[in-house]
Amino acid sequence: MPVCVIEEGRKGPDHQGTIIPISNISTSRNHANHSVKGRVVQKGPLVSSSSHNFILKAVLQEVGPSPQRASINMVLLGTLAKDFSQAVSEGDVVVASGFSVGKSPTALKDKRHPCNLMLSGEDAFIHVRVGPAPPANATSPKAVKRKIPAEGPKYSYTKLNNLKAGEVVNVYGVVVFFKQPYMSRGSDFCSSLKITDQSQLKVSCTIFCNKLESHPQILQIGNIVRMHRVKAHPYNDTLTLLNTFGFSALVFDGTVGAAVEPRTASKSFHFAEEDRRAVEELRLWAASQALPRADATLTLSAVQPKMYFDLTCQLLAKATIDSMCTLLRVWDGTRCPHALLKVAAEPDMVEGPTSFSEEHEKLIASVLVYDNHVPFAQQIKPGDFLRIYNLRAIPGWVETPDTSSPRSEEVNHLSFHLHGGTAYGRGIRPLPDDSPEIQDMRRAMDAFQVHHEVSHHDVNDSVLCGAWATPPCCPGNVFWNVPHAAPCNLLTSSRLIPAERTCDHIVEPLTLSEVKRSLPGGTHHHVRVQLRSYEPRRLHQALKLYCSKCTSMQDVPDEERLDNIFSEAGADADSDPMQRWNNPPPWIRSDDVHIHAELTRNPPVRTLNVSTSAQLLSEGKVKELIFITGTTLQETCHLAAGYHNVVPMKLSEGHLSLLDPPAPFLFRGRKRFYRCQQCSKTSLKEPNTDGVLDEKTISEALGVQMLKFVLLMKFRLQDATDTLDVFLWRDAESFFNVSADAAAANQEAQDSIRETLDLLCPPWDRAGERPWMDACLRAYRPSEDDAQTFYQICHTSKSTSKPPILNPQHSKLSK
DNA sequence: GCTTAGGGTTTG
């Protein structure tokens with residue numbers, strides 16, 4: 001037998017050759033006498049294959065203390081695959097021998113070993129140690145003995161046409177009718193369902209159980225249910241099934257091709273390959289039958305008056321109307337083509353917000369639930385996700401106090417009623433936040449909120465304005481404006497992993513707790529993480545000025561600070577600076593410029609003295625470069641629209657000099673250039689006017705060490721094991737696919753960064769919605785003496801089909 | 001405790 005099971009504690013046969021580490025596997029080596037030992041971390045399904053009879057894929061991971069555990073794909077063929085499927089479980093440690101080594105076609109995608117192990121034929125062996133090794137942090141050394149499925153409990157399932165009165169059986173069936181569990185007159189909740197199978201017989205089942213979670217979790221007609229220990233009772237002239245002692249139920253999606261994942265609250269249940277097959281067979285059979293409509297669920301956008309339907313929605317607020325009626329205010333992110341009735345409620349009876357934004361209100365449906373559903377409605381809370389079964393869309397009208405007849409535009413407002421009783425499966429079921437049934441709806445809700453509450457909100461709203469908010473005191477400043485992310489982008493891209501590694505380090509992915517435990521020092525780690533939070537929330541603060549010479553970093557000065565610097569410098573410089581300038585350089589020429597801008601307050605037209613180089617003046621290129629004194633910040637910005645390069649200066653004690661940092665030394669269009677105070681040795685030489693006059697030639701002439709825009713953020717990453725604070729700096733531009741210069745100068749770039757962050761860390765949402773990203777982290781210590789390890793995200797980019805935003809000149813705001 | 005419900009032609 002090619003799969004040999006060894007009980008924990010016993011020695012296995014010793015014909016497996018030398019055990020070599022997984023990382024040593026190579027196509028260029030002869031592994032005939034080698035074995036590989038590892039834990040089965042993934043075990044795929046047994047798949048029938050025409051060429052090999054059976055095929056099964058599994059992933060083997062190196063066992064041992066190393067935090068960087070190599071893993072390798074393993075492909076088993078024929079009988080070996082079948083035996084492996086029965087005898088081996090995820091978590092088992094196996095030794096594989098007699099394999100051949102091939103190139104793994106999925107290595108790039110799964111980041112596992114570039115080779116895979118092929119096991120087939122007489123020589124291939126798998127030795128299994130049954131019982132999981134204790135996890136790294138477990139204290140108990142006791143090995144758990146586990147039954148091998150093949151020897152474990154065997155269940156047989158009775159077809160519905162073979163039921164005998166009084167017999168306790170196990171059954172599979174397709175749900176053709178169901179009621180959510182409801183409180184019976186006795187001591188238990190009662191669920192009622194009707195199932196069918198290939199025998200075509202339809203059988204009613206009644207489940208009494210005082211625990212809600214033990215009831216079959218049926219969400220839709222067409223679901224497949226497996227029930228253990230139900231007893232056939234004769235009733236009228238048919239048999240019905242009732243649960244007996246030891247009853248358990250699994251429910252599966254009934255869609256052909258969907259994952260076969262049992263829905264159950266039970267932590268231990270038997271589920272084997274034959275169960276998977278049974279589910280798939282029933283799905284196929286059901287698809288070929290004229291069974292009741294599988295899905296009565298509609299979105300509000302598809303509802304027509306007088307319809308009965310099932311609604312999947314989120315509760316926003318609720319209100320007690322009277323003892324027999326509760327109002328639920330719900331939405332599903334879609335817009336109903338018919339106007340929705342807003343049912344009035346006493347404000348002190350409302351739980352949750354009493355009103356919403358005008359746009360939001362248009363999407364909110366009023367659901368009135370009656371009688372037996374009222375106690376259930378009392379238990380649910382605003383924010384909960386629900387499915388309401390057999391809801392009726394009732395056309396009605398809004399009564400206005402000043403007229404006895406409804407106004408024409410107010411008729412046919414829809415409200416929704418959940419009538420009393422459980423007929424037609426009427427009821428309400430809460431859905432968990434991570435339920436697949438609500439994912440589409442949540443995307444629609446996100447899109448709505450991003451679209452309406454970000455782009456149309458009031459700029460002064462301090463809650464929503466937290467991001468690229470305009471720094472204070474900046475009239476007319478269009479920088480750092482409020483973003484408007486496109487909802488369609490979010491809709492499509494949130495399904496993807498929105499960031500991916502671009503490096504070619506060959507290291508195994510680690511969990512964050514493993515990263516924290518691993519040794520420091522110049523290493524790269526690959527992680528799969530979510531972005532839990534980030535700083536700064538006001539993204540203009542993420543933009544810094546960096547000196548590549550002294551490596552200092554400083555904040556970009558806000559407009560208020562610059563205003564002050566300009567007004568201080570201009571306080572005593574209103575008159576012609578040439579008159580008061582001791583020994584002006586011989587290449588400087590002055591002229592008057594009239595500022596007619598609406599920006600000048602008093603007097604409305606102001607004359608400014610500007611200087612330029614004699615060379616430029618003689619060439620008629622005055623527009624190329626001017627030096628100005630005594631202007632306000634606004635006037636400087638205004639001049640920068642008409643002159644290519646504007647250098648603001650101040651005159652003090654007869655000397656003309658650049659404004660003090662952090663004032664920009666140069667304005668070029670919308671762009672501003674800053675200097676490092678420490679590294680600049682300012683002078684005033686005539687710039688070389690031969691070539692292009694740009695920030696580089698001007699900074700050289702002025703003896704200025706220019707500062708560079710950089711993006712610096714702190715991310716808090718999380719995975720199932722831990723959280724980790726990391727910096728995003730050196731590779732921030734490639735991460736966002738946006739240059740810091742562009743982020744400093746244009747809205748499109750800022751929006752793009754905002755979008756990426758909103759995608760990774762949805763602002764209105766709970767953690768469950770956050771996408772995962774693959775990231776590369778560099779661990780480092782700033783110096784030998786530092787005890788603390790820091791991490792930076794590197795070689796990681798947001799996934800994008802858009803071209804990078806690199807050129808600030810493309811700003812849609814540029815004139 | 002050993003019952004509860006046993007779909008259904010749909011109130012407000």
Side-chain angles (χ1 to χ4, degrees), chain A residues 160 163 165-166 168 173-196 201-212 214-216 218 220-223 225 227 229-247 291-294 296 298 303-311 319-328 341 343-345 365-375 377 388-399 413-429:
Chain A
L160 297 175
L163 297 175
V168 175
V174 181
V175 176
V176 292
F177 171 78
F178 69 105
K179 286 181 183 181
Q180 292 302 324
Y182 60 92
M183 203 59 218
S184 71
R185 278 182 245 263
S187 59
D188 296 324
F189 288 101
C190 173
S191 346
S192 168
L193 56 146
K194 190 180 268 180
I195 58 173
T196 185
L201 217 67
K202 291 189 175 72
V203 174
S204 293
C205 318
T206 306
I207 312 298
F208 292 111
C209 189
N210 58 6
K211 288 188 188 132
L212 263 180
S214 302
H215 286 254
I218 300 163
Q220 272 177 25
I221 287 176
N223 281 172
V225 63
M227 292 186 286
R229 298 176 203 91
V230 285
K231 188 172 178 180
H233 281 252
Y235 176 72
N236 292 340
D237 49 356
T238 60
L239 290 174
T240 60
L241 292 171
L242 253 107
N243 58 311
T244 61
F245 181 74
F247 167 81
L291 291 177
R293 200 158 55 116
L298 289 181
V303 168
Q304 296 299 327
K306 299 185 179 176
M307 269 184 163
Y308 289 92
F309 67 105
D310 300 341
L311 177 66
T320 302
I321 302 294
D322 57 48
S323 65
M324 300 310 261
C325 180
T326 297
L327 167 67
L328 305 179
L341 184 71
V343 174
S366 297
V367 175
L368 292 164
V369 310
Y370 291 95
D371 304 341
N372 56 312
H373 308 297
V374 168
I388 308 177
Y389 294 90
N390 197 236
L391 201 53
R392 175 116 208 245
I394 309 265
W397 49 84
V398 180
E399 291 195 25
H413 279 52
L414 287 187
S415 64
F416 301 88
H417 291 206
L418 181 66
H419 297 315
T422 62
Y424 300 94
R426 287 195 292 254
I428 305 178
R429 174 176 201 106

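A note on names: the letters A, B, ... follow the listed sequences, proteins ahead of strands, and every chain is numbered from 1. Keep in mind that what you see is a predicted model, and the values were worked out from it rather than measured.
A:Ile207 places its CD1 atom 16 Å from the P atom of B:dT4, with the value rounded to the nearest Å. Rounded to whole Å, the distance from CZ on A:Phe247 to P on B:dT4 is 19 Å. Between the C1' atom of B:dC2 and the CZ atom of A:Phe245 lies a distance of 14 Å, rounded to the nearest Å.
Side-chain contact, A:His215 with A:Ser191: a donor N or O sits under 3.5 Å from an acceptor N or O.
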Exercise. Which letter, B, S or -, goes with each nucleotide of nucleotides 5-12 of chain B from 5' to 3', with contact meaning a protein heavy atom under 4.0 Å?
Worked result: BBBBSBBB
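No donor-acceptor distance shorter than 3.5 angstrom exists from the side chain of A:Gln180 to the backbone of A:Ser192, with no hydrogens or angles considered. In terms of modelled atom types and a separation under 3.5 Å, the side chain of A:Ser366 and the main chain of A:Leu341 share a donor-acceptor contact.
A distance of 15.5 Å separates OH in A:Tyr424 from CG in A:Leu391, rounded to the nearest 0.5 Å.
Ring geometry, A:Phe178 versus A:Tyr389: the interplanar angle exceeds 60°, so the pair is classed perpendicular (tilted spans 30 to 60°).
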